[in-house]
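To keep things clear, I will list the structure first and then write my remarks on it.
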Amino acid sequence: MKKKHEQLLSEILTHLGEDRSRYYHAVSPPVIQTSNFAFKDTASFRAAFLDERAHHLYTRGNNPTTGILRQKIAALENTEDALVFASGAAAMACAVLANVSSGDHVICVENPYSWTHKLVSRMLSRFGVSGTFVKGDDVDEIVKIIRPETKVLILESPNSITFGIQDLPECGRLCQERGIISIVDNSYASPLFQNPALYGIDIVMHTCSKYLNGHSDVVAGALCGSKAMMDRIFYSEFMTLGPALAPHDANLVIRGIRTLELRMNRVFETGLKVARFLQDHPRVERVIHPFLPDFPQYDLAKKQMSGTGGLFSFILKATSKEEVNRMVDGLQCFLMAVSWGGHESLVLPFSIFHDIPGRENPVYPYNLIRLYTGLEDPDYLIDDLAQALNRH
Ligand SMILES: *Cc1c(COP(=O)(O)O)cnc(C)c1O
């Protein structure tokens with residue numbers, strides 16, 4: 001049977017955190033749709049104020065429905081505790097803000113998720129916190145830019161467009177030696193295929209909008225770490241900025257997480273099959289997928305991840321933006337959209353970011369196309385790609 005750390009994966013997804021005797025033995029937990037909680041006497045009311053983390057006082061802090069989700073996500077990442085947020089972006093912002101003060105410095109891997117980039121490049125500087133971006137594929141390069149005031153290292157491994165990877169055990173060790181807080185955006189691999197806390201990473205961040213929910217109907221996020229770190233974030237950013245996840249959305253993510261293992265294994269297999277088809281196609285210059293042997297960091301990818309999910313990119317042989325657009329417009333089964341991790345296959349062509357007035361030097365070439373393969377039959381997706389590629 002498949003174990004997740006000390007617990008059975010099936011146990012976490014199906015039972016952990018659920019106390020059915022408290023709600024009529026209902027199989028699905030109720031949505032405890034309440035803002036506040038009443039107390040039977042002054043002593044219990046006072047006790048809740050003294051330790052809000054351990055009590056249900058007000059839903060901006062704790063709520064029983066979000067509590068079930070927190071326990072499952074913490075167990076999946078093998079951390080003591082987790083907090084859930086109204087978005088992944090809120091989770092990342094709170095993780096960073098909780099660990100810096102004016103005068104501090106953060107290091108961030110280059111070209112991270114766009115709003116992580118904005119946080120480091122635009123927002124932190126308003127509060128006297130400086131940031132440096134680093135390529136991330138060479139730990140020695142990270143060591144070189146560490147300053148005495150460096151407090152946080154923000155990683156995203158793999159990146160969700162280039163799939164660039166950082167050596168997580170090396171980065172974890174480095175940060176522990178230097179007293180730097182390490183944060184990893186683990187959204188790409190999901191907790192099923194990579195667990196950064198096992199490599200000494202302090203805070204594991206997820207967007208639950210992608211694989212954890214898996215149905216493209218909720219925006220949510222999570223942070224996983226030690227009880228002390230989660231306490232610290234709870235009593236500062238979590239309670240003051242108020243990014244709590246609504247109980248109804250938490251319940252939808254609990255519903256989605258039941259099938260995490262099924263979905264991840266399916267999209268991983270489909271993604272590789274579709275990637276191999278593209279690799280052999282004469283109109284494709286290169287496929288960028290961390291589990292294909294020609295990926296530059298293939299060995300490291302295999303070492304620290306046990307799978308990849310359904311996201312990868314490819315470079316189309318094309319001499320103009322229009323040629324790329326024609327191919328993408330010819331796809332019938334891939335929806336054209338941002339995001340990923342749901343049931344539906346998606347395509348994101350980087351040609352749309354070119355020639356935008358006021359935005360010079362797009363980061364990625366116009367012939368880069370990102371695909372997400374969902375839960376459909378792989379041959380259904382391959383047939384669609386074949387007809388679109390063969391059209392020109
Ligand atoms: C989507 C995404 C986020 C942000 O999550 P939201 O839930 O949309 O706020 C962060 N990191 C990665 C890698 C993502 O793909």
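What you see below is based on every heavy atom in this structure, not just the backbone, and it leaves out hydrogens, waters and symmetry mates. Residue numbers start at 1 and run along the sequence shown. Just so you know, ligand 1 is whichever comes first in the structure, and atom 1 is the first atom listed for that ligand.
- Note: Phe193 and Tyr188 fail the aromatic proximity criterion, with ring centroids not under 6.0 Å apart.
- No donor-acceptor pair closer than 3.5 Å links the side chain of Ser182 to the backbone N or O of Gly172.
- For residues 261-271, the side chain to side chain donor-acceptor pair (under 3.5 Å) pairs, not counting sequence neighbours, are Thr259-Arg263.
- Val328 is connected to Val287 through a chain of hydrophobic side-chain contacts under 4.5 Å among Ile, Leu, Val, Met, Phe, Trp and Tyr, so both are in one cluster.
- The closest donor-acceptor contact from the side chain of Ser351 to the backbone of Lys321 lies at 3.5 Å or more, if one exists at all.
- Between Phe133 and His117, the ring center distance clears the sub-6.0 Å criterion.
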Ligand-protein N/O pairs under 3.5 Å (ligand 1):
from, atom 1, to, atom 2, distance (Å)
ligand 1, 5 (O), Thr207, OG1, 3.2
ligand 1, 7 (O), Gly88, N, 2.8
ligand 1, 7 (O), Thr207, OG1, 2.8
ligand 1, 7 (O), Ser209, OG, 2.6
ligand 1, 7 (O), Ala220, O, 3.4
ligand 1, 9 (O), Gly88, N, 3.0
ligand 1, 9 (O), Ala89, N, 2.8
ligand 1, 11 (N), Asp185, OD2, 2.6
ligand 1, 15 (O), Lys210, NZ, 2.6
ligand 1, 15 (O), Trp340, NE1, 3.4

